[in-house]
Structures are given as structure tokens and as C-alpha cells.
Amino acid sequence: MPRGGPGASCLDRLLQTDRLEYLDRDDVDDTVKRGVVRTLDRAGELFGEHDRNARLILDEVAGVADPAILELGAGHGAVSRRILREHPTARVTASDIDADAVARMAAGELGNDPRATVRTLDATEIEADDDTFDVAVFALSFHHLPPEKAARVLTEATRVAPTFVIIDLARPPAPLHLIRLATMAPLAPLWPFAHDGLISSLRAYSPSALRELAAHAGVEMDVRPAGIGPQVAVARRRAD
């Protein structure tokens with residue numbers, strides 16, 4: 001399935017790639033990966049993304065006294081840290097498939113918080129019982145997954161939690177996408193963060209693609225208008 005969805009135009013179908021970001025490659029020095037993660041964390045701080053993302057998650061569990069929250073693909077763990085600061089009784093599990101990322105989270109603030117669990121976890125095969133969590137979240141990393149794995153994550157996340165929130169890059173219409181890519185491309189060979197940002201844009205899912213993935217996974221999905229910010233999709237298991 002094209003990243004632009006089943007009805008993507010020919011141009012939109014060209015504006016995607018199977019190339020991996022530095023964060024997903026085994027042949028890239030770990031210092032490069034750490035630099036990209038640090039820049040992502042700092043950008044999230046600067047533009048208030050961490051706070052907005054944490055509030056989105058907490059809104060989903062507003063009626064739960066002591067919510068259990070699972071962060072998938074946590075990377076730097078900023079969303080989990082913000083949730084713990086904002087909610088006095090929330091419990092979070094910050095997870096990532098990258099063992100080095102998990103080790104860095106465990107060595108920091110999350111590792112010292114009694115309400116936090118940090119663990120290595122494959123989001124396509126979540127080692128947890130049904131309804132272990134009240135909500136699961138995948139923030140700014142869902143585009144790393146090819147369609148087959150993305151659909152599997154939708155199935156697994158809505159198994160271990162009744163609500164699964166995806167916060168990710170919005171995929172603009174193809175003409176606007178060309179403009180975005182043109183502004184990023186000159187920096188990509190020089191700056192690892194720009195390199196990964198360019199590939200992230202090419203791999204971002206459109207609303208129609210997310211709905212197609214949800215249909216394949218057998219879950220309900222509401223994709224909210226992105227505006228100028230990230231795209232937010234909320235998946236829930238079907239009543240039947």
C-alpha cells in the first residue's frame with residue numbers, strides 16, 4: 001500500500017521511499033543516532049511538542065484514577081517523563097525495540113522514578129496481557145514501520161489497551177510535499193537530523209493510509225485534522 005493511501009496520485013506514490021533513517025540502520029555509528037535523538041528531544045522541548053503530546057494522552061484517561069500508560073517507540077522517553085510530571089498517580093511503561101535507547105532511558109529520570117517501568121519491547125509482539133494498560137501511545141515514530149508491521153502494531157496495541165493514540169508527521173498533498181522536501185534536501189547530506197527528517201516525510205502515512213491499515217487490523221480509527229501540527233489518530237478495538 002502506498003504511504004499516501006490506496007487512492008494516492010502518481011506523484012504521491014513517487015514521494016515515498018524504502019530507505020531507512022539513521023535511527024533504523026545497524027551500519028550507523030551510535031554517536032550519530034544519539035545526536036539525532038538529542039536533537040529530536042530538544043526540538044520537542046523548544047516547540048512544546050512533549051507537553052502537547054502528554055496532554056493528548058492524559059485527555060484519553062481523564063476519567064481513570066490511576067492510569068497505566070504504555071509508550072511504544074519511546075526513544076528519549078520525553079512523553080513518559082511529561083506524563084509523570086503532569087499526573088500524580090499515573091504509571092508509565094516506556095518501551096523501545098532499541099536496547100541502547102532503553103538503556104539511556106533507564107539511566108535517566110525514568111529509571112529513577114518508582115512509577116515508571118523501562119523495557120525493551122517489540123511493538124508488533126507486545127509481551128503483556130489483554131487490557132494491561134488504559135492507553136497506549138506511539139509518538140512521532142509510527143512512520144518507521146512498513147505497512148505490514150504498522151497493521152500488526154495496531155492489532156497488538158489495541159489488544160493490550162482499549163485506546164491507542166498515534167501522533168506522527170502529517171503527510172501533505174503532493175505539491176506541498178514537494179516544497180517541504182525541497183527545503184529539507186540541501187541539509188540532508190550535512191546534518192543527520194535533516195537526513196532522518198527527509199526520510200520521515202517520505203515515509204509518513206496519510207489519513208487514508210492510516211484508515212486502510214486500521215481496516216486491515218480490524219480496529220476503529222479516528223484521524224483528526226493535522227492543521228500545522230502533527231497528525232493524531234486514535235484507534236480503538238471494535239465492539240464485536
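- Minimum interatomic distance between Ala161 and Ala136 (heavy atoms only, all atoms of both residues): CB-N, 3.8 Å.
- Checked for salt-bridge contact, Arg203 and Glu21 miss the test: no charged N lies under 4.0 Å from a carboxylate O.
- For the side-chain contact (heavy atoms from CB on, under 4.5 Å) with Phe164, the qualifying choice from Leu70, Val219, Leu72 is Leu72, the only one to do so.
- Ionic pairing of Arg81 and Asp41 is present here: one or more N-O contacts between side-chain nitrogen and carboxylate oxygen are shorter than 4.0 angstrom.
- Annotation for Glu109: atom CD counts as buried by contact number, over 12 foreign heavy atoms lying within 6.0 Å.
- Here CD of Gln231 is found 10.5 Å from CZ of Phe142. Values are rounded to the nearest 0.5 Å.
- A donor-acceptor contact shorter than 3.5 Å links the side chain of Arg13 to the backbone of Ala8.
- Here the straight-line distance linking atom CZ of Arg159 with atom CG of Asp129 works out to 7.5 Å at 0.5 Å rounding.
- Interatomic distance, Arg19 CZ to Asp24 CG, rounded to the nearest 0.5 Å: 12.5 Å.
- Annotation: the span from Ser200 atom OG to His195 atom NE2 amounts to 10.0 Å, rounded to 0.5 Å.
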Start with the C-alpha distance between Arg236 and Glu60, add both sets of side-chain angles, then the distance that settles salt bridge (charged side-chain N to carboxylate O under 4.0 Å, His left out), and finish with yes or no.
CA-CA 12 Å; Arg236 306 181 199 274; Glu60 294 293 333; 3.3 Å; yes
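- The existence of a salt bridge linking Arg34 and Asp30 is confirmed by a sub-4.0 Å separation between a basic side-chain nitrogen and an acidic carboxylate oxygen.
- When the shell of 6.0 Å around CG of Asp26 is examined, it contains 12 or fewer heavy atoms from other residues, nucleotides or ligands.
- For the side-chain contact (heavy atoms from CB on, under 4.5 Å) criterion with Val223, the lone passing option out of Leu210, Val234, Val232 is Leu210.
- Side chains of Met105 and Glu71 form no contact here, defined as non-hydrogen atoms less than 4.5 Å apart.
- Taking the six-membered ring for Trp and the full ring otherwise, the centers of Tyr205 and His143 sit at least 6.0 Å from each other.
- Residues Leu181 and Ser201 are in side-chain contact: their nearest non-hydrogen atoms beyond the backbone lie under 4.5 Å apart.
- Expressed to the nearest 0.5 Å, how far CG of Leu145 lies from CG of Leu154 amounts to 9.0 Å.
- Once rounded to the nearest 0.5 Å, the distance linking CG of Leu198 with CG of Leu187 reads 10.0 Å.
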Test salt bridge (charged side-chain N to carboxylate O under 4.0 Å, His left out) on Arg152 and Glu156; report intermediate values, then the result.
CA-CA 6 Å; Arg152 181 61 184 164; Glu156 278 290 278; 3.6 Å; yes
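- Look at Glu86 and Arg82 and you find no salt bridge, because none of the NZ, NE, NH1 or NH2 atoms lies under 4.0 Å from a carboxylate O.
- When each of Ile69, Val92, Val160 is checked for a side-chain contact (heavy atoms from CB on, under 4.5 Å) with Phe133, only Val160 meets the rule.
- Taking 4.5 Å as the limit, every side-chain heavy atom of Asp168 sits out of range of all side-chain heavy atoms of Pro230.
- Under a 3.5 Å cut-off, the side chain of Ser80 and the backbone N or O of Gly77 do not form any donor-acceptor pair.
- When the shell of 6.0 Å around CG of Asp29 is examined, it contains more than 12 heavy atoms from other residues, nucleotides or ligands.
- Looking at Arg237 and Asp131, a side-chain N of the basic residue comes within less than 4.0 Å of a carboxylate O on the acidic one, giving a salt bridge.
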